[in-house]
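Atom set for the values below is all heavy atoms of this structure, side chains included, hydrogens, waters and symmetry mates excluded. The shown structure was predicted, so the numbers you read here are calculated from the model rather than taken from an experiment.
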Protein chains: 2
Amino acid sequence: MPGMLPANEPQLASALSERLRHLGVRVTPQRLFVLEALAVRSGHLTAEEIMRWTARRSPAINLATVYRTLDRLVSLGLVTQTDLGGGAATFELVGDSPHHHLVCERCGIVTEVDDSLVAALRAQVLDRYGFRAQSRHMAIFGTCRACLEREHAVR
Amino acid sequence: MPGMLPANEPQLASALSERLRHLGVRVTPQRLFVLEALAVRSGHLTAEEIMRWTARRSPAINLATVYRTLDRLVSLGLVTQTDLGGGAATFELVGDSPHHHLVCERCGIVTEVDDSLVAALRAQVLDRYGFRAQSRHMAIFGTCRACLEREHAVR
DNA sequence: GTGAGTGCAAATGCTTTGCAGACGT
DNA sequence: ACGTCTGCAAAGCATTTGCACTCAC
């Protein structure tokens with residue numbers, strides 16, 4: 001469902017309603033707006049960004065509600081939360097292909113990498129420590145190519 | 001130097017002073033206290049914990065000073081900072097063997113794992129993306145063995 | 001109608017900052 | 001003596017919470 005076309009919002013809304021109903025939670029406009037924001041602007045959104053997106057709709061959603069809603073959606077397993085360092089946490093619809101993040105500590109740029117890179121590590125960690133690492137949204141901190149080159153150029 | 005015995009604090013202090021002087025920064029009691037805390041209670045300390053530790057010494061250090069000091073020490077390369085999810089950041093003396101963290105999302109327990117597990121991943125990321133991942137303090141979130149077993153038992 | 005969900009405002013927890021004074025060099 | 005570092009208090013930011021009201025069921 002994510003990766004769905006931005007057009008056709010009524011269809012999107014009813015698909016999302018269906019999903020919520022199946023999980024046995026109330027369907028409120030606020031919840032639909034949050035899910036729509038995540039579906040349409042697929043990618044990593046902060047709570048603040050979601051609120052700004054929904055502000056284009058009639059009465060803007062309260063930030064506290066966005067947080068509570070996201071919390072709920074995360075426990076329902078519809079949404080994942082990632083904390084990419086200091087700033088605000090980002091949220092994403094489950095359903096996109098699993099991926100992880102390379103976060104540059106100098107310039108802050110975030111690059112998505114496929115889960116296949118990390119699969120071997122996950123297998124090892126499970127084998128050696130009985131630890132089941134999550135298959136999405138691991139943050140790997142370091143220095144990106146551009147910043148490494150810049151560093152070299154200076155010297 | 002880290003991994004040094006807790007006893008013999010005068011020696012520790014002068015070794016640390018030496019280190020600071022070599023880096024061309026002022027040697028203040030506060031900086032020594034912070035470094036001592038990290039050296040003696042080797043492991044991951046939060047700014048607050050460091051302050052509490054130094055509070056056993058004469059006038060307790062101000063929390064703001066602890067943060068500023070840690071900031072300075074991180075840029076000097078003497079200390080590393082790790083953000084293990086929502087709570088407070090933790091700090092550690094550089095010099096311990098590189099390691100990473102398995103963070104259980106249910107019970108919060110943190111297990112240290114050797115860098116060798118992650119070395120292959122680092123090599124791949126460098127090769128494929130030109131990204132130099134840091135060799136310490138990656139946080140891997142997931143579910144620990146105990147919580148997995150508990151989960152099974154319930155069903 | 002009832003309880004879950006919402007808005008609002010205030011509180012929280014971690015961290016940063018402005019400023020005046022203290023102290024390492 | 002100089003400039004850096006510290007303490008203090010206040011601000012900053014992301015997130016949470018208490019409470020009264022509203023709305024989905």
Side-chain angles (χ1 to χ4, degrees), chain A residues 13-14 16-35 37 44-52 54-55 57-76 78-91 108 139, chain B residues 13-14 16-35 37 44-52 54-55 57-76 78-91 108 139:
Chain A
S14 67
L16 294 172
S17 301
E18 202 48 41
R19 232 161 141 178
L20 287 176
R21 235 183 298 278
H22 265 131
L23 290 164
V25 296
R26 293 197 179 171
V27 180
T28 68
Q30 289 85 345
R31 289 185 175 167
L32 289 179
F33 285 154
V34 169
L35 283 171
H44 317 88
L45 298 184
T46 64
E48 175 101 32
E49 286 167 342
I50 292 172
M51 194 196 60
R52 277 207 300 273
T54 61
R57 311 312 184 83
S58 11
I61 300 185
N62 190 277
L63 231 201
T65 302
V66 174
Y67 277 109
R68 276 187 291 227
T69 302
L70 287 170
D71 221 48
R72 202 85 171 76
L73 296 174
V74 167
S75 14
L76 290 173
L78 290 180
V79 167
T80 54
Q81 172 169 10
T82 322
D83 196 357
L84 265 24
T90 63
F91 298 84
Chain B
S14 66
L16 294 172
S17 303
E18 201 51 38
R19 230 158 143 179
L20 288 176
R21 234 182 297 277
H22 266 132
L23 289 164
V25 297
R26 293 195 179 170
V27 179
T28 69
Q30 288 85 344
R31 290 185 174 168
L32 289 178
F33 284 153
V34 169
L35 283 171
H44 317 88
L45 298 185
T46 65
E48 175 102 31
E49 287 168 341
I50 292 172
M51 193 197 62
R52 277 208 299 273
T54 62
R57 311 311 183 84
S58 11
I61 301 185
N62 190 277
L63 231 202
T65 302
V66 174
Y67 277 107
R68 276 187 291 229
T69 301
L70 287 170
D71 220 47
R72 202 85 172 73
L73 295 174
V74 167
S75 16
L76 290 172
L78 290 180
V79 167
T80 55
Q81 173 169 7
T82 320
D83 196 356
L84 265 24
T90 62
F91 298 84

Q: State, with a plain yes or no, whether a side-chain heavy atom of A:R19 is found less than 4.5 Å away from one of A:L35.
A: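 Not touching, per the 4.5 Å side-chain cut-off.
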
Q: Checking side chain to side chain contact (heavy atoms under 4.5 Å, CB included) between A:I61 and each of A:T54, A:I50, A:T28, which is the one that passes?
A: A:T54

Q: List the residues meeting side-chain hydrogen bond (donor to acceptor under 3.5 Å, both in side chains) with A:T80, not counting sequence neighbours, and say none if there are none.
A: A:H137

Q: I'd like to compare against my own output: the B/S/- annotation of nucleotides 6-11 of chain C with a strict under-4.0 Å heavy-atom distance to protein.
A: BBBB--

Q: Round to a whole Å and report the spacing from CG of B:L76 to C1' of D:dT4.
A: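 Taking atom C1' of D:dT4 as the reference, CG of B:L76 is at 14 Å.
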
Q: Quantified as the angle between the terminal helix axes (five pairs each), what is the overall bend of the helix from C:dG1-D:dC25 to C:dT25-D:dA1 to 10 degrees?
A: 30°

Q: Distance check needed: C:dC14 C1' versus B:L45 CG, whole Å only.
A: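 One finds 16 Å between C1' of C:dC14 and CG of B:L45, rounded.
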
Q: For the pair made of CG in B:L70 and P in D:dT6, what is the distance, rounded to whole Å?
A: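 These atoms are roughly 11 Å apart.
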
Q: In whole Å, I'd like the distance from the CD atom of B:E48 to the P atom of C:dG13.
A: 10 Å

Q: Report the C-alpha distance between A:L23 and A:L78 in whole Å, list the side-chain angles of each, state the deciding distance to 0.1 Å, and finish with yes or no for side-chain contact (heavy atoms from CB on, under 4.5 Å).
A: CA-CA 10 Å; A:L23 290 164; A:L78 290 180; 3.8 Å; yes

Q: To the nearest Å, give me how far apart CE (B:M51) and P (C:dT15) are.
A: 12 Å

Q: Could you state the CZ-C1' distance from B:F33 to D:dG7, rounded to the nearest angstrom?
A: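 Nearest whole value for this atom pair: 15 Å.
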
Q: Only counting residues at least two apart or in another chain, list the ones meeting salt bridge (Lys or Arg N to Asp or Glu O under 4.0 Å) with B:R21.
A: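 B:R21 satisfies salt bridge (Lys or Arg N to Asp or Glu O under 4.0 Å) with no residue once adjacent residues are dropped.
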
Q: Throw together a table of side-chain donor-acceptor distances under 3.5 angstrom for residues 67-75 of chain A, partners on residues two or more places apart or in other chains.
A:
from: A:T69; atom 1: OG1; to: A:T65; atom 2: O; distance (Å): 2.7
from: A:S75; atom 1: OG; to: A:D71; atom 2: O; distance (Å): 2.8
from: A:S75; atom 1: OG; to: A:R72; atom 2: O; distance (Å): 3.2

Q: Any side-chain heavy-atom pair from B:L20 and B:L32 closer than 4.5 angstrom?
A: yes

Q: What residues form a salt bridge (Lys or Arg N to Asp or Glu O under 4.0 Å) with A:R26, not counting sequence neighbours?
A: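 Per chain and number, A:R26 pairs via salt bridge (Lys or Arg N to Asp or Glu O under 4.0 Å) with no residue.
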
Q: What's the CG-P distance between B:L20 and D:dT4, to the nearest Å?
A: 17 Å

Q: Below 4.0 angstrom from OP1 or OP2 of D:dT15, is there any side-chain N or O of A:Y67?
A: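 True: A:Y67 side-chain N/O within range (under 4.0 Å) of D:dT15 OP1/OP2.
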
Q: Taking for each residue the nucleotide of DNA chain C bearing the nearest heavy atom, is the 5' side occupied by B:V27 or by B:L63?
A: B:L63

Q: Does B:R26 make a side-chain donor-acceptor contact with the base of D:dT4, cut-off 3.5 Å?
A: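 Under the 3.5 Å cut-off, the side chain and the base do form a donor-acceptor pair.
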
Q: Just how far, in rounded Å, is P of D:dA14 from CG of A:D83?
A: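 My rounded result for the distance is 12 Å.
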
Q: I'd like to check the salt bridge (Lys or Arg N to Asp or Glu O under 4.0 Å) partners of A:E18; sequence neighbours left out, ordered by chain and number.
A: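 Salt bridge (Lys or Arg N to Asp or Glu O under 4.0 Å) check on A:E18 returns nothing, list empty.
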
